[in-house]
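Just below is one structure, and these are the notes that go with it.
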Amino acid sequence: MLNSAGPTGGSIPTVLAAQRAAGARTTCVSAEVREDRLDRLIDALLTHEKGICAALMADFGYRSECQSRFAEVVTSIKPLRIARRSLRRWMRPERRKVDFPFNLAGAKAEIHYQPLGCVGLISPWNFPVNLTVVPLAGILAAGNRAMIKPSELTPATAELMHRMFASAFDAEEVAVINGGAETGKAFAALPFDHLVYTGGAGVAREIMRAAAANLVPLTLELGGKSPVIVSYSAELRVAARQTLFGKLFNAGQICLAPDYLFIERQQLEPFVDALRLACREMLPPARAHVDYVSVVSARHKARLTAMVDEARAAGAGIVELGPIVEPAGDTRNLMPITLIIEPDERCAVSKEEIFGPLLVIRTYRHLDEVIAHINAGPRPLALYYFGSDTREQQRILSETCSGGVTINDVIMHYTADDLPFGGVGTSGMGAYHGVHGFRQFSHARAVYRQAPVDLGRLLRPPYGTGFRKLSDLLIRFS
Ligand code: NAD
């Protein structure tokens with residue numbers, strides 16, 4: 001089914017044509033227009049707050065309302081407000097240096113940020129509202145129009161987003177196109193001015209191929225296996241509590257979730273005990289799954305269960321932490337947080353991104369082994385280190401590479417809107433959040449104003465000794 005928010009129905013290319021006709025290629029979009037669009041989105045989110053939580057409850061089977069409200073509404077409003085109050089500053093032309101001798105004669109250089117036009121946005125199911133709205137903060141602040149393709153795996157939320165955007169925008173400004181993978185393919189084949197995709201690396205390859213046909217520039221927000229390193233110098237209780245939080249939030253269905261963890265061999269048992277205690281504290285039996293979240297579908301649960309079974313059969317230690325699930329509401333796809341200790345490297349859980357409430361634990365003797373293990377794999381989206389040894393911290397920062405790093409916690413670098421959020425290598429390309437989103441979705445146009453004095457004559461033939469002397473000077477002093 002092809003839907004579009006607002007009055008412009010019909011095929012997906014028709015929506016893009018309507019956006020273009022309405023001025024998607026407009027190079028000057030005033031601050032007032034941008035502010036108004038951001039205001040409308042903030043109002044729409046607040047109006048639909050309860051509906052968003054209800055739709056996610058329906059889509060996941062069970063999803064903690066507190067987590068839905070926080071992850072989809074609270075953390076979506078903040079970047080919109082930041083963009084709303086900062087965009088005039090971000091839009092200002094930026095002065096840049098001019099080369100000698102033209103600087104002395106009064107030549108000027110500036111960067112002017114222009115809208116790209118119409119930006120396509122393909123969003124995933126794990127935080128369907130947040131991962132649509134947060135990139136939109138940058139897309140709209142930069143003066144663009146947008147077409148959104150939500151994930152079909154969260155259909156109630158996709159339908160709600162269609163209604164929510166239709167209530168706030170004409171389809172010529174922001175349109176929502178709902179449908180499955182075929183719709184996604186047709187969407188990715190459009191000649192957008194920029195395309196943002198958040199999801200898995202497999203689909204990202206198809207999207208890159210489709211975008212290449214039109215030379216559409218891409219922002220790819222992907223995933224990967226994000227490691228946690230627990231140092232000898234770490235406070236085990238803190239490392240256990242924070243790591244577990246990264247696994248229980250959205251039941252680990254987070255691109256930034258800790259995927260596997262390294263702990264010194266002699267610390268393994270006390271660390272597992274600390275994880276057990278942390279789980280009892282955060283998910284006490286009395287509240288059962290109230291503050292927890294289901295795996296999104298039976299298919300995803302079956303994949304995770306198969307991972308555990310395979311690792312167990314291959315000799316890994318399996319420890320179920322909880323929560324203990326009481327039969328209340330739709331709990332079919334709830335899974336306990338499960339530790340998988342020292343799985344065989346050939347198991348799926350060692351190779352694939354987990355994206356669920358399983359945590360692989362590996363032991364180590366020397367930090368060198370840990371760094372070598374991380375560097376042998378694709379560059380992860382995030383990397384976490386727990387410990388107070390600043391020499392180790394420095395080694396981790398300088399000898400590994402990942403999209404982002406949080407030290408002595410997990411996921412928190414995502415919450416600092418002044419930091420760019422994005423991956424590297426197979427965990428993604430391009431970044432957004434705050435001013436980084438504004439710049440990612442703007443064209444940084446180089447503008448040069450020549451000085452009134454005609455110094456350009458120095459570069460024009462016929463060449464004589466003056467030109468040779470200038471070349472010598474430039475070699476010496478540039
Ligand atoms: P997915 O790749 O299965 O689907 C995401 C979107 O792509 C959906 O809207 C879907 O309809 C669409 N799609 C599917 N096939 C398509 C095709 N051939 N052409 C165009 N579009 C197509 O991803 P997912 O399962 O929804 O998400 C899980 C992955 O996303 C994990 O790897 C996770 O780490 C990653 N992720 C990354 C971030 C981030 O910000 N870096 C955030 C969330 C999730």
Side-chain angles (χ1 to χ4, degrees), residues 1-2 12 59-60 71-72 75-76 79 120-135 138 147-155 157-158 161-162 176-190 192 195-213 216 218-226 246 249-259 295-297 299-300 303-304 351-356 378-382 402-404 411 413-415 419-433 436-437 440:
M1 183 178 66
L2 307 185
I12 313 175
D59 283 335
F60 276 76
E72 311 287 353
T75 56
S76 297
L121 175 55
I122 302 179
S123 55
W125 53 265
N126 63 327
F127 294 109
V129 178
N130 180 295
L131 291 170
T132 300
V133 169
V134 179
M147 285 172 61
I148 301 161
K149 156 70 181 82
S151 173
E152 67 278 19
L153 282 172
T154 39
T157 314
M161 282 206 279
H162 174 259
V176 176
I177 314 288
N178 274 331
E182 286 309 310
T183 307
K185 277 185 198 161
F187 191 92
L190 290 179
F192 290 113
L195 180 58
V196 187
Y197 168 75
T198 302
V203 170
R205 288 187 177 88
E206 291 186 42
I207 290 191
M208 204 165 192
R209 265 193 292 274
V216 172
L218 288 173
T219 300
L220 297 178
E221 298 291 344
L222 313 177
K225 292 182 82 62
S226 297
F249 201 83
N250 212 32
Q253 299 166 106
I254 314 177
C255 54
L256 291 164
D259 188 284
V295 171
V296 72
S297 75
R299 178 168 64 83
H300 288 73
R303 172 183 164 270
L304 293 164
K351 294 189 295 194
E352 294 172 21
E353 178 182 357
I354 294 172
F355 217 59
R379 291 173 165 176
L381 184 61
S402 61
I411 306 178
H413 61 281
Y414 177 87
T415 66
L419 288 175
F421 172 66
V424 55
T426 54
S427 58
M429 61 177 73
Y432 63 102
H433 278 196
H436 309 285
Q440 179 78 2

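Treat the numbers as computed from the prediction; the structure is a model and nothing was measured. For ligands, and for the atoms within them, numbers begin at 1 and follow the listed sequence.
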Region of [X] that comes within reach of ligand 1 [heavy atoms, distance under 4.0 Å]:
X: Leu381; result: side chain
X: Ser427; result: neither
X: Leu131; result: side chain
X: Asn126; result: side chain
X: Ala201; result: neither

Among Trp125, Phe355, Tyr432, which one has a heavy atom closest to atom 26 (O) of ligand 1?
Trp125
Considering the heavy atoms of [X], write down every atom of ligand 1 situated less than 4.0 Å from one of them.
X: Gly184; result: 19 (N), 20 (C), 21 (N)
X: Glu152; result: 8 (C), 10 (C), 11 (O)
X: Glu221; result: 37 (C), 38 (C), 39 (C), 40 (O), 41 (N)
X: Pro150; result: 9 (O)
X: Ser123; result: 6 (C), 8 (C), 9 (O)
X: Pro124; result: 26 (O), 27 (O), 43 (C)
X: Gly223; result: 34 (O)

[X] N/O to ligand 1 N/O under 3.5 Å:
X: Thr198; value: no
X: Ala188; value: no
X: Gly199; value: yes
X: His300; value: no
X: Gly200; value: yes
X: Tyr197; value: yes

With a 3.5 Å distance limit and no angle check, can you tell me whether [X] reaches the backbone of [Y] through a side-chain donor-acceptor pair?
X: Arg303; Y: Ile354; answer: yes
X: Glu221; Y: Thr198; answer: no
X: Glu353; Y: Lys225; answer: no
X: Ser226; Y: Ala382; answer: yes
X: Thr219; Y: Gly430; answer: no

Under a heavy-atom criterion of less than 4.0 Å, does Gly179 contact ligand 1?
no
Contact between Ala204 and ligand 1, counting heavy atoms under 4.0 Å?
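Per 4.0 Å heavy-atom rule, Ala204 does not contact ligand 1.
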What is the nearest protein non-hydrogen atom to [atom], stated with its residue, atom name and distance?
atom: atom 39 (C) of ligand 1; value: Cys255 SG, 3.4 Å
atom: atom 40 (O) of ligand 1; value: Phe421 CE2, 3.3 Å
atom: atom 3 (O) of ligand 1; value: Val203 CG2, 4.3 Å
atom: atom 18 (N) of ligand 1; value: Glu206 OE1, 2.9 Å
atom: atom 41 (N) of ligand 1; value: Leu222 O, 2.6 Å
atom: atom 34 (O) of ligand 1; value: Glu353 OE2, 2.6 Å
atom: atom 12 (C) of ligand 1; value: Ile122 CG2, 3.9 Å

pair [X]-[Y]: side-chain heavy atoms closer than 4.5 Å:
X: Thr183; Y: Lys149; value: yes
X: Met147; Y: Val176; value: no
X: Phe60; Y: Trp125; value: yes
X: Val134; Y: Tyr432; value: yes
X: Asn126; Y: Val296; value: no
X: Ile254; Y: Phe249; value: yes
X: Pro128; Y: Pro150; value: no

When you check the gap from the basic side-chain N to the acidic O, do Glu182 and Lys185 get nearer than 4.0 Å?
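Result for this pair is yes, salt bridge flagged.
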For Gln253, give me all partners under side-chain hydrogen bond (donor to acceptor under 3.5 Å, both in side chains), at least two apart in sequence or on another chain.
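Listed in chain order: nothing, the list is empty.
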Can you tell me which residue among Thr157, Val133, Asn250 is in a side-chain contact (heavy atoms from CB on, under 4.5 Å) with Phe127?
Asn250
is_close_aromatic(Phe355, His300), centroid dist under 6.0 Å:
no
